[in-house]
Amino acid sequence: MSSNTTNERTTGESTSETEGLSDDTIIETDISVGPDSSRTTGRPNTIVSADSLDVYYGDDRALSDVTIEIPEHRVTAMIGPSGCGKSTFLRSINRMNDRIPSAHVDGALSFRGKNVYDEDVDPVALRRKIGQVFQSPNPFPKSIYDNVAYGLRVQGKADDVDLDDAVERALRGAALWDEVKDQLDESGLDLSGGQQQRLCIARAIATDPEVILMDEPTSALDPVAASKIEDLIDELVEKYTVIIVTHNMQQAARISDKTAVFLTGGELVEFDDTARIFENPDDDRVEDYITGKFG
Amino acid sequence: MSRNAYQEQLYELREDVLEMSDVVCQRFRRALEAYETGDEALAESVIEGDHEINQLYLDLEGDCVELLALQQPVAGDLRFVASSFKIITDLERVGDLAVNLAAYATQSGRERYSEVDVVHIGTETVLLLEAAMEAYATDDAEATHEIAATDDEIDAHCERASRTVVRELLAADPSDEQLLEDVSRMLLTIRDLERVGDHAVNVAARTLYMVDNDETLLY
């Protein structure tokens, strides 16, 4: 792999994801890394939890009294009808809702036991631990290499790590390396939709987060590209925790270990093992929703 | 397909499974009548009619596969389709046992075991199957446990009948060349009746799973 020394400043990106990361003043909080746990052994640790969480946009309550414990190294799916609050919950985890002036939060939302809305938590540092992948692939108008190296550069870590190695590692982690290793200097925008989304995943994991939030990451992709992302998610949970919002219930059933069902009013109606949700949910409203009888 | 059409398809599946069970139970009762009366024409009609049951089974299997492939049912809908898929297999097997019974009806030798009331046991088993299908039709979880308990009584009845046949064997003249054939045929008949009861319990077990996600009657 050739060393890429493109000396572009990574400012002025228009995607919302880049705004928090562009701040070089990172205040480390006491968010610490807990003991690791495997997907296949024992009871997993809780990595993200909410306790009586309410989220408002102005006077409108988007989330209502949500209490949940999300296990690490698992795929947790958030499902529910449009407007039920599932994306609001996702954005609350890494404080992307901070960008909406009218948004405010009551209750606690914790990452490794630390309330992320405490005053001493820096949202930029938080988003380094909790990355995000969006519905539509949104690579920067830069080379494939620079897309992946971006996060490390803005963190000022580009001098501390072997950037080539870090880029390769992230691209391999996103199952994209073999397809792009000979075209790293080409624009990320020239890739197919599915490749672009995997590039975004590579960009997200390059900074070594602990949690990856995904908001309908395959809804803009064809079934084959979507299938590759699903396979990738299955591999990602070896190292990361994945929390995914999806409107595709079959996808939730296929790829997730746990499923949270939100219904209108921002209420978390049921949270359980995915197999149980799709075979025998406790709540009649969940049964009606997943069998298509809801509304 | 709209969700309303999907619900209609689920409704039709249940109706069609019940229709298949009506055909199977009627066919088994005819086999019992043929056995009781020795009516060869009636027995032959049961044997020849088996292809109709097989076709019903294949049609319903196709309906279940189509529902799974196109609608991906979940939760209660999934348990209903999965249970129906299993139940039609049990019904098809009872159809085969009706054919066996009809075949025995045309063969000699059963007068040797007059104290074994094949028709009575057979009627009990088909009543049990009808009760299991009624539970399936009405989502009656409570009835499924009664069906399992009743089958235990039928098993005991069959066990006593088998012992009667074996006792006859021990007391019989060993030079009787027809003996072994008659004994084995009667034992097979009793076993077939007992199997009808087992299929009724299978239907009840799948119904309990379908209604309450309760697997306690599955084996």
Side-chain angles (χ1 to χ4, degrees), chain A residues 75-82 84 86 216 218-219 221-224 226-227 230 244-264 267-295, chain B residues 1-17 63-87 135-142 144-145 202-219:
Chain A
V75 181
T76 295
M78 307 273 159
I79 63 172
S82 296
C84 69
K86 55 191 186 298
E216 298 187 57
T218 64
S219 61
L221 305 180
D222 68 70
V224 174
S227 173
E230 290 182 6
I244 179 171
V245 165
T246 179
H247 274 295
N248 181 335
M249 279 188 287
Q250 282 71 42
Q251 180 178 67
R254 275 195 302 272
I255 68 173
S256 71
D257 302 291
K258 308 281 285 190
T259 295
V261 185
F262 289 80
L263 293 182
T264 307
E267 183 188 358
L268 172 59
V269 179
E270 192 163 344
F271 176 58
D272 210 327
D273 290 342
T274 294
R276 178 158 180 94
I277 292 287
F278 284 96
E279 191 175 2
N280 187 37
D282 282 337
D283 195 295
D284 288 345
R285 292 170 296 171
V286 172
E287 171 107 16
D288 286 349
Y289 174 67
I290 64 176
T291 57
K293 303 185 188 89
F294 181 84
Chain B
M1 178 187 290
S2 71
R3 298 309 282 182
N4 284 342
Y6 164 57
Q7 291 301 323
E8 181 68 22
Q9 218 175 1
L10 292 175
Y11 174 79
E12 285 177 6
L13 175 62
R14 191 185 299 244
E15 291 297 304
D16 290 346
V17 171
D63 291 346
C64 291
V65 169
E66 186 176 309
L67 271 165
L68 291 169
L70 300 184
Q71 301 294 339
Q72 294 109 36
V74 294
D77 292 349
L78 174 62
R79 299 200 306 277
F80 165 67
V81 176
S83 297
S84 300
F85 208 161
K86 295 293 291 183
I87 285 170
Y136 166 83
T138 57
D139 288 341
D140 188 348
E142 200 172 323
T144 62
H145 294 286
N202 287 350
V203 170
R206 298 294 168 186
T207 297
L208 183 60
Y209 167 72
M210 176 181 84
V211 176
D212 282 349
N213 193 47
D214 183 339
E215 299 179 349
T216 52
L217 288 182
L218 296 176
Y219 307 107

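In the text below, chain A, chain B and the rest are named by the order of the sequence lines, each starting its count at 1.
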Rounded to the nearest 0.5 Å, how far does CD of A:Glu279 lie from CG of B:Leu78? 6.5 Å

Inspect the surroundings of CG in A:Asp284 and state if more than 12 heavy atoms from other residues, nucleotides or ligands are less than 6.0 Å away. no

Using side-chain heavy atoms (C-beta onward) and a distance below 4.5 Å, is B:Val74 in contact with A:Met249? no

Nearest heavy atoms of A:Thr291 and B:Gln7, plus distance in Å: O-NE2, 4.1 Å

Taking side chain as everything from C-beta outward and backbone as N, CA, C, O, which of these in A:Gln250 sits under 4.5 Å from a heavy atom of chain B? Side chain, backbone, both or neither. side chain

Restricting to non-hydrogen atoms, name the atom on B:Asp77 and the atom on A:Glu287 that form the minimum distance, rounded to 0.1 Å. N-OE2, 4.2 Å

4.5 Å side-chain heavy-atom contact, A:Asn280 and B:Arg79: yes

